[in-house]
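Quick caveat, the model's predicted, so the values are computed rather than measured.
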Amino acid sequence: MVSQYTTFSDGQKNVYTNADASLQFSTSGILDPSTVSIVNLFINGILQPSNTYVVQPGVLMLSDVPFQGVPIIVQFIQISTS
């Protein structure tokens, strides 16, 4: 299963919540990372190193503030063994 949370930077903040989701492009909120196999963060289409962000249930915290209008996508991948 693959799902994603999508939002767009306002150029001012570095913390995003489920309330900031772009519903047109999201298939989920910000999931609990302990419930999925892999979490990837893309800012402006570029995969980010895991030491530049923190994902908690319903919250994404970035180490920096992206430029205004830049897409922020958190991809959640669940690998099933059955």
Chemist: Roughly how far, to the nearest 0.5 Å, is CD1 of Ile72 from OH of Tyr53?
Modeler: 13.0 Å
Chemist: Judged by atom type as modelled, is there a donor-acceptor pair below 3.5 Å linking the side chain of Tyr5 to the main-chain atoms of Thr17?
Modeler: yes
Chemist: Could you go through the side-chain contact (heavy atoms from CB on, under 4.5 Å) check for Phe25 and Phe8 one step at a time?
Modeler: CA-CA 10 Å; Phe25 301 107; Phe8 294 89; 4.0 Å; yes
Chemist: Quick one: does Ser9's side chain have a donor or acceptor within less than 3.5 Å of a partner on Phe67's backbone?
Modeler: yes
Chemist: Nearest 0.5 Å please: distance from the OG1 atom of Thr7 over to the CD1 atom of Ile30.
Modeler: 8.0 Å
Chemist: Counting C-beta onward and ignoring hydrogens, is there a side-chain heavy-atom pair between Met1 and Ile79 closer than 4.5 Å?
Modeler: no
Chemist: Any donor-acceptor pair under 3.5 Å linking the side chain of Ser3 with the backbone of Thr27?
Modeler: no
Chemist: Between Asn18 and Ala21 (side chain of the first, backbone of the second, donor and acceptor by atom type, cut-off under 3.5 Å), is there such a pair?
Modeler: no
Chemist: Tell me if a side-chain donor or acceptor on Thr52 pairs with a main-chain N or O of Pro49 at a distance below 3.5 Å.
Modeler: yes
Chemist: Where do Ser26 and Thr6 come nearest, in terms of heavy atoms and distance?
Modeler: OG-N, 2.8 Å
Chemist: So, taking the atom named CE in Met61 and the one named CD in Gln56, what distance separates them when rounded to the nearest 0.5 Å?
Modeler: 3.5 Å
Chemist: Please determine whether residues Ile73 and Leu31 belong to a single hydrophobic cluster, defined as Ile, Leu, Val, Met, Phe, Trp and Tyr linked transitively by side-chain heavy-atom distances below 4.5 Å.
Modeler: no
Chemist: Is any side-chain heavy atom of Val39 less than 4.5 Å from a side-chain heavy atom of Val74?
Modeler: yes
Chemist: Can Val54 be reached from Val15 by stepping across I, L, V, M, F, W or Y side chains whose heavy atoms are under 4.5 Å apart?
Modeler: yes
Chemist: Using a 3.5 Å distance criterion without hydrogens, assess whether the side chain of Asn14 forms a donor-acceptor pair with backbone atoms of Leu62.
Modeler: yes
Chemist: How close do Val36 and Gln78 get, counting heavy atoms only, and between which atoms?
Modeler: CA-OE1, 3.0 Å
Chemist: Indicate whether the side chain of Gln24 and that of Ser22 have a donor and an acceptor atom separated by less than 3.5 Å.
Modeler: no
Chemist: From Ser63 OG over to Asn51 CG, what is the distance, rounded to the nearest 0.5 angstrom?
Modeler: 7.5 Å
Chemist: In Å, rounded to the nearest 0.5 Å, how long is the span from CD of Gln4 to OG of Ser28?
Modeler: 8.0 Å
Chemist: Does some side-chain heavy atom of Asn44 sit less than 4.5 Å from a side-chain heavy atom of Pro66?
Modeler: no
Chemist: Out of curiosity, Asn40 CG to Gln75 CD, how far, rounded to the nearest 0.5 Å?
Modeler: 5.0 Å
